[in-house]
Asker: 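Right, I'll just put the structure down here and ask away after.
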Amino acid sequence: MRLTPFSLRSMRLIERLRDFCRADTGTVTVESVMILPVLLFGLQFSYGYYEAQRRETLSVKANYAISDYLSRVPTIDQAMVNGLEDLLELMTQSEDGAWVRVSVVECTKTPAKCNNKTPRRLTFNTDKQISSESSLKRHTQWSMRAKMGPIIPVMYRGESLIVVETMIQTKPTFFGHWTGFHERGVYRVSVTGSREYDELCFDTGNTVCP
C-alpha cells in the first residue's frame, strides 16, 4: 500500500501527539503553579491567626498590669488615666482607638441583695469613674449593674472593687478577604480590690483625697 504525502503527515502528527501524551517533562512547573496559591493562602492564614491570638494575649496582660498597678495606689486622676492609655498602647503595640476606663463599685446593701438579685444591687457612684476618652459614654447605675454584674465576683457588705476596662484596635497584617481577619476592637475587663489602701480615691475636683 502506497502512502500519500497527506497520509505521511497525518501519521507524523499522530505520533507526535502520542509522544506528547507520554512525555512527563514540565509536570513540576504545572504542579507548582497550582499549589503555590494554596501555600501562600495557608501561610497568610496561619500568620494572621497567630497575630490575632498574640494581640488578644497582649490585651489581657496589659489590662491585668493596669489593674494590678491601680490596686497599689491610693488616688487616681485624669492625668494618671491618660498615662495608663499610653502604657496600654505601648504594651499592646496598638494605634489610635485605645482607651482605659476605671470605675469603683461598692456593696452597701446586704450580701443577698448585692450577689443574688438580678440585676445585682451594686452601688455605683458616677463620680467614681474616669476614662481616658472624653467622648466615651459614661456608665450609669443601671448600665453598671447590668453589664458588670455577671463579671464582678461575690462581694461582702462594705466592700469596694476596682473595675478596669480597656479597648484596643487591631488591624490584620494581610487583607481580610484573604484570611477572614478584619480590623476590630479587643475589649477586656478585670476586677480587683485595693491591696494596700481601704479604697481607690478619685481626684476629679469634686472629691478631696487624703
Side-chain angles (χ1 to χ4, degrees), residues 52-53 55-85 87-89 91-92 94 97-170 184-210:
Q53 293 299 316
R55 290 296 180 92
E56 292 273 355
T57 303
L58 289 176
S59 68
V60 172
K61 291 181 178 179
N63 183 285
Y64 283 179
I66 293 172
S67 178
D68 183 69
Y69 169 75
L70 292 175
S71 71
R72 303 174 189 274
V73 297
T75 61
I76 185 174
D77 56 16
Q78 186 64 54
M80 180 184 292
V81 174
N82 293 340
L84 292 176
E85 179 187 320
L87 176 64
L88 175 67
E89 293 178 349
M91 292 185 67
T92 59
S94 59
W99 54 260
V100 178
R101 176 163 56 192
V102 182
S103 312
V104 169
V105 294
E106 301 171 296
C107 176
T108 59
K109 303 182 183 299
T110 62
K113 291 183 178 180
C114 288
N115 302 315
N116 300 333
K117 290 287 186 178
T118 304
R120 297 169 63 181
R121 300 299 188 267
L122 301 173
T123 302
F124 170 67
N125 189 340
T126 55
D127 289 335
K128 294 183 177 181
Q129 176 182 196
I130 190 169
S131 63
S132 61
E133 183 63 45
S134 58
S135 61
L136 189 64
K137 187 177 180 180
R138 294 176 63 85
H139 274 307
T140 62
Q141 181 85 283
W142 174 258
S143 67
M144 176 60 78
R145 288 176 174 178
K147 188 174 183 179
M148 298 299 167
I151 301 174
I152 296 174
V154 174
M155 301 177 66
Y156 59 83
R157 189 167 190 172
E159 183 181 14
S160 64
L161 294 175
I162 305 169
V163 180
V164 179
E165 301 170 82
T166 58
M167 171 71 79
I168 64 171
Q169 298 295 326
T170 62
R184 65 188 182 93
V186 180
Y187 172 79
R188 284 288 176 268
V189 58
S190 62
V191 183
T192 187
S194 185
R195 299 174 187 269
E196 302 178 12
Y197 302 92
D198 293 336
E199 62 177 354
L200 181 64
C201 182
F202 285 72
D203 187 1
T204 58
N206 300 326
T207 305
V208 178
C209 296

Asker: Just do the side-chain contact (heavy atoms from CB on, under 4.5 Å) check on Ile66 and Asn63 with the steps written out, would you?
Answerer: CA-CA 5 Å; Ile66 293 172; Asn63 183 285; 6.0 Å; no
Asker: How would you list, by chain and number, every residue that makes a side chain to side chain contact (heavy atoms under 4.5 Å, CB included) with Ser194, sequence neighbours excluded?
Answerer: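 For Ser194 the side chain to side chain contact (heavy atoms under 4.5 Å, CB included) partners, ignoring immediate neighbours, are Tyr197.
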Asker: I'd like to check the side chain to side chain contact (heavy atoms under 4.5 Å, CB included) partners of Ala79; sequence neighbours left out, ordered by chain and number.
Answerer: Asp77
Asker: Looking at Thr75, is its backbone amide N or carbonyl O close enough to the side chain of Asp203 to form a donor-acceptor pair, meaning the two atoms are under 3.5 Å apart?
Answerer: no
Asker: For residues 136-146, which residue pairs pass the salt bridge (Lys or Arg N to Asp or Glu O under 4.0 Å) check, not counting sequence neighbours?
Answerer: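 Qualifying pairs: none.
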Asker: Name all residues meeting the side-chain hydrogen bond (donor to acceptor under 3.5 Å, both in side chains) criterion together with Glu106; count only those two or more places apart in sequence or in a different chain, and write none if there are none.
Answerer: Lys128
Asker: Just grab all the salt bridge (Lys or Arg N to Asp or Glu O under 4.0 Å) pairs involving residues 57-76, residues at least two apart or on different chains.
Answerer: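 Matches after skipping sequence neighbours: Asp68-Arg72, Asp68-Arg195.
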Asker: Sequence neighbours left out, what passes side-chain hydrogen bond (donor to acceptor under 3.5 Å, both in side chains) with Arg55? Give chain and number order.
Answerer: none
Asker: Side-chain polar contacts of residues 147-160 - donor-acceptor pairs under 3.5 angstrom, sequence neighbours left out - could you list them?
Answerer:
from: Glu159; atom 1: OE1; to: Tyr156; atom 2: N; distance (Å): 3.1

Asker: Could you check Val105 against Val163 for side-chain contact (heavy atoms from CB on, under 4.5 Å), going step by step and ending with a plain yes or no?
Answerer: CA-CA 7 Å; Val105 294; Val163 180; 4.2 Å; yes
Asker: Do side-chain atoms of Thr92 reach the backbone of Leu88 as a donor and acceptor pair under 3.5 angstrom?
Answerer: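 Checked: pair present.
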Asker: How about OH on Tyr187, more than 12 heavy atoms from neighbouring residues, nucleotides or ligands closer than 6.0 Å, or not?
Answerer: yes
Asker: Sequence neighbours left out, what passes side-chain hydrogen bond (donor to acceptor under 3.5 Å, both in side chains) with Thr110? Give chain and number order.
Answerer: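 Partners of Thr110 under the side-chain hydrogen bond (donor to acceptor under 3.5 Å, both in side chains) test: none.
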Asker: Only counting residues at least two apart or in another chain, list the ones meeting side-chain hydrogen bond (donor to acceptor under 3.5 Å, both in side chains) with Gln78.
Answerer: Asn82
Asker: Just jot down the salt bridge (charged side-chain N to carboxylate O under 4.0 Å, His left out) partners of Arg120, sequence neighbours excluded, or say none.
Answerer: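 Not a single residue meets the salt bridge (charged side-chain N to carboxylate O under 4.0 Å, His left out) criterion with Arg120.
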Asker: Under the rule for side chain to side chain contact (heavy atoms under 4.5 Å, CB included), what residues qualify as partners of Ser131, not counting sequence neighbours?
Answerer: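 By the side chain to side chain contact (heavy atoms under 4.5 Å, CB included) rule, Ser131 matches Arg101, Leu136.
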Asker: What residues, two or more places apart in sequence or in another chain, satisfy side chain to side chain contact (heavy atoms under 4.5 Å, CB included) together with Glu89?
Answerer: Glu85, Asp86, Ser94, Ala98
